[in-house]
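Values below: every heavy atom of this structure, side chains too, minus hydrogens, waters and symmetry copies.
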Amino acid sequence: MSSPRSSIEWQFRADDAIDALRMRAAVRAFFVAEADDASDVDGAVLVFGELVANVVRHAPGAISVRIEWPAAGPAMMYVDDWGPGVCSVQTSDDPMRESGRGIAIVRALARDLHIASAPIGGTHVSAALPVDRRRPSAA
């Protein structure tokens with residue numbers, strides 16, 4: 001039996017839709033292979049999509065996405081861009097308003113979310129995803 005992967009990472013240009021779609025498929029496959037049955041794989045993939053979409057909209061250019069799965073607890077997603085950084089994060093309860101809707105979705109699905117301007121420019125996002133690792137079966 002092979003050991004579970006503990007992380008995956010990509011670096012690409014946020015305006016490359018093909019890479020984003022490939023990443024989305026790889027993220028789904030990673031979670032389907034490793035998540036326990038009670039996990040919200042669709043929610044985790046949606047969080048990924050919304051965070052990448054925010055970079056495309058607000059800071060197109062280079063992006064780094066890393067997912068780490070510690071031995072215990074939820075998978076963590078880290079998204080870094082090199083845009084102008086954030087001055088404030090606004091969310092909206094109005095489903096017809098586009099501004100802030102993606103972050104509201106992420107806040108609703110993620111177990112924890114932190115968004116901050118990076119010290120050297122850009123934005124750093126960390127999100128605890130709604131997926132837990134499947135426990136290895138006893139041999």
Would you call [X] and [Y] a side-chain contact if the rule is heavy atoms closer than 4.5 Å?
X	Y	result
S64	W82	yes
T123	D80	no
F30	I67	yes
V52	V79	no
L129	F48	no
I103	E50	no
Q11	E9	yes

Please report the shortest heavy-atom distance between [X] and [Y], naming the atom on each side.
X	Y	result
P74	R111	CB-NH1, 3.2 Å
G83	A59	CA-CB, 3.6 Å
R13	A62	NH1-N, 4.1 Å
R134	A35	NH2-O, 2.9 Å
G43	P130	C-CG, 4.1 Å
W69	A75	NE1-N, 3.6 Å

Pick one: which of V47, L46, I115 meets side-chain contact (heavy atoms from CB on, under 4.5 Å) with V106?
V47

Does atom CG of D36 have more than 12 heavy-atom neighbours, drawn from other residues, nucleotides or ligands, at distances under 6.0 Å?
yes

Rounded to the nearest 0.5 Å, what separates atom [atom1] in [X] from atom [atom2] in [Y]?
X	Y	atom1	atom2	answer
H124	S117	NE2	OG	11.5 Å
H114	Y78	NE2	OH	9.5 Å
M77	R66	CE	CZ	11.0 Å
R133	E34	CZ	CD	5.0 Å

Do [X] and [Y] share a hydrophobic cluster (ILVMFWY, side-chain heavy atoms under 4.5 Å, transitive)?
X	Y	result
V32	V131	yes
L113	V65	yes
I8	F12	yes

Ion pair R107/D112, N-O distance below 4.0 Å:
no

